[in-house]
2 protein chains.
Amino acid sequence: MDVFDALADPLRRELLTQLSCGPARVVDLADAHPVSRPAISRHLRVLSEAGLVEADELGRERHYRLRTEPLAEVRSFVTGLMRQPRLPEHTLDALATEVRRTTRDRRRAAAAEDTA
Amino acid sequence: MDVFDALADPLRRELLTQLSCGPARVVDLADAHPVSRPAISRHLRVLSEAGLVEADELGRERHYRLRTEPLAEVRSFVTGLMRQPRLPEHTLDALATEVRRTTRDRRRAAAAEDTA
DNA sequence: CAGATTGGTAACCATTCGGTTACGTTTCCT
DNA sequence: AGGAAACGTAACCGAATGGTTACCAATCTG
């Protein structure tokens, strides 16, 4: 499962937050949320497939713990988006008027490309 | 729509990446992807509801541009998760001890892996 | 050993999602 | 004026999602 997909569900995000305080058993995680234990189990499976969580098997218990490595992808994606549009204030205004001014040019260029 | 939800779809992420290079029209965005234009329109609606995108109406065209403010929430959530597991060493040791105490024989494979 | 605890999986169901086609509206261009 | 272009929306559909109950295996514990 994809990391972004794994983070999309609010309950899964809560589970991660909870696990960020330390490892926890499935029952403990389930007790903290208003859903059944099997539901928690499946969410943990999704998180596990995304690499966001790993389990230590201790007897009949499984201690899940957070794994932060996959978050790097999210982080880099977000920072990538946030860095680009950092243009000076007037640039956007200029761009808007530029767009309006060159609409016809663009149109002509598109037509030319079409014939090509 | 939720920001995390908006980022969950790979096509939407591509749209955002594309918009990070500057505003674009719907047709331009659609031409760059193997889905129909109405599909793009709906994705843009989702992104818009998440605040990740805004449109300037220029005649019959709509120029969508990236909006990075909502990404702050994602960023803070991720950094929050990445910062937490930096627990003092002895905390993990204590946990390992606890584990050893409540189970029969358990090596510190987990502890070793943690330090690794 | 008997029973309780932990936790995964299967089967089922309602809802959501993402894609498509069809259609309507507004704006531009000849 | 009339056709083309840009774009949103509605209707429809198959696939995926998330929740529940029921069930099973494995592990403590009295």
Side-chain angles (χ1 to χ4, degrees), chain A residues 1-15 19 23-50 53-65 99-115, chain B residues 1-15 19 23-50 53-65 98-106:
Chain A
M1 174 77 79
D2 185 52
V3 188
F4 292 92
D5 243 311
L7 293 183
D9 188 277
L11 179 49
R12 283 197 287 267
R13 290 199 297 276
E14 284 186 29
L15 289 177
L19 287 177
R25 303 178 303 157
V26 180
V27 272
D28 298 332
L29 295 168
D31 286 349
H33 302 280
V35 295
S36 66
R37 186 190 51 71
I40 298 286
S41 245
R42 279 213 319 210
H43 280 301
L44 287 171
R45 197 162 110 84
V46 171
L47 291 171
S48 173
E49 288 175 3
V53 135
E54 204 159 336
D56 298 316
E57 311 204 1
L58 305 174
R60 65 180 159 180
E61 304 181 353
R62 307 191 85 204
H63 287 50
Y64 281 89
R65 59 180 152 63
V99 155
R100 205 163 316 155
R101 188 159 54 78
T102 60
T103 299
R104 281 207 303 173
D105 299 341
R106 175 198 309 260
R107 173 123 292 307
R108 203 187 317 148
E113 187 180 332
D114 196 28
T115 61
Chain B
M1 174 76 80
D2 183 54
V3 188
F4 293 92
D5 244 311
L7 293 183
D9 188 277
L11 178 50
R12 284 198 285 268
R13 290 199 296 277
E14 284 186 30
L15 288 177
L19 287 177
R25 304 178 302 160
V26 180
V27 274
D28 297 331
L29 295 169
D31 286 348
H33 302 281
V35 295
S36 66
R37 187 191 50 70
I40 298 286
S41 247
R42 280 213 318 208
H43 281 301
L44 287 171
R45 196 163 111 83
V46 171
L47 291 172
S48 173
E49 287 175 4
V53 134
E54 206 159 335
D56 299 316
E57 311 204 2
L58 304 175
R60 63 178 160 179
E61 303 181 353
R62 306 191 87 205
H63 292 244
Y64 281 90
R65 63 177 197 284
E98 171 74 13
V99 156
R100 212 170 301 126
R101 187 149 50 82
T102 57
T103 63
R104 307 230 291 141
D105 88 354
R106 201 63 192 174

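The sequence lines fix the lettering, A, B, ..., with proteins before strands; numbering per chain opens at 1.
As rounded to whole Å, 12 Å separates atom C1' of D/dA16 from atom CG of B/Asp9. Rounded to an integer number of Å, the gap from A/Arg60 CZ to C/dG3 P is 16 Å.
The stretch residues 35-44 of chain B comes close to DNA chain C through B/Val35, B/Ser36, B/Pro38, B/Ala39, B/Arg42, B/His43, each having a heavy atom under 4.0 Å from the strand.
Between C/dT6, D/dG18, D/dA5, one nucleotide has an atom nearer to the side chain of A/Arg25 than all others, and that is C/dT6.
In this structure, A/Arg62 and B/Leu11 both approach DNA chain C, and ranking their closest nucleotides by distance from the 5' end singles out A/Arg62. Heavy-atom distances to DNA chain D give each of A/Pro34 and B/Val27 a nearest nucleotide, and the one nearer the 5′ end belongs to B/Val27.
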- Query: Between A/Asp31 and A/Arg25, does a salt bridge (Lys or Arg N to Asp or Glu O under 4.0 Å) hold up when you go through it step by step?
  - Reply: CA-CA 10 Å; A/Asp31 286 349; A/Arg25 303 178 303 157; over 6 Å; no

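B/Arg65 is not listed as a side-chain neighbour of B/His63, based on a closest heavy-atom distance of 4.5 Å or more.
Minimum interatomic distance between B/Val53 and B/Leu44 (heavy atoms only, all atoms of both residues): CG1-O, 4.3 Å.
Distances shown here put a side-chain N or O of B/Tyr64 below 4.0 Å from the OP1 or OP2 atom of D/dG8.
Contact check on A/Arg12 versus A/Asp5 returns no salt bridge, with no Lys/Arg side-chain nitrogen under 4.0 Å from an Asp/Glu carboxylate oxygen. The existence of a salt bridge linking B/Arg62 and B/Asp56 is excluded, since no basic side-chain nitrogen approaches an acidic carboxylate oxygen closer than 4.0 Å.
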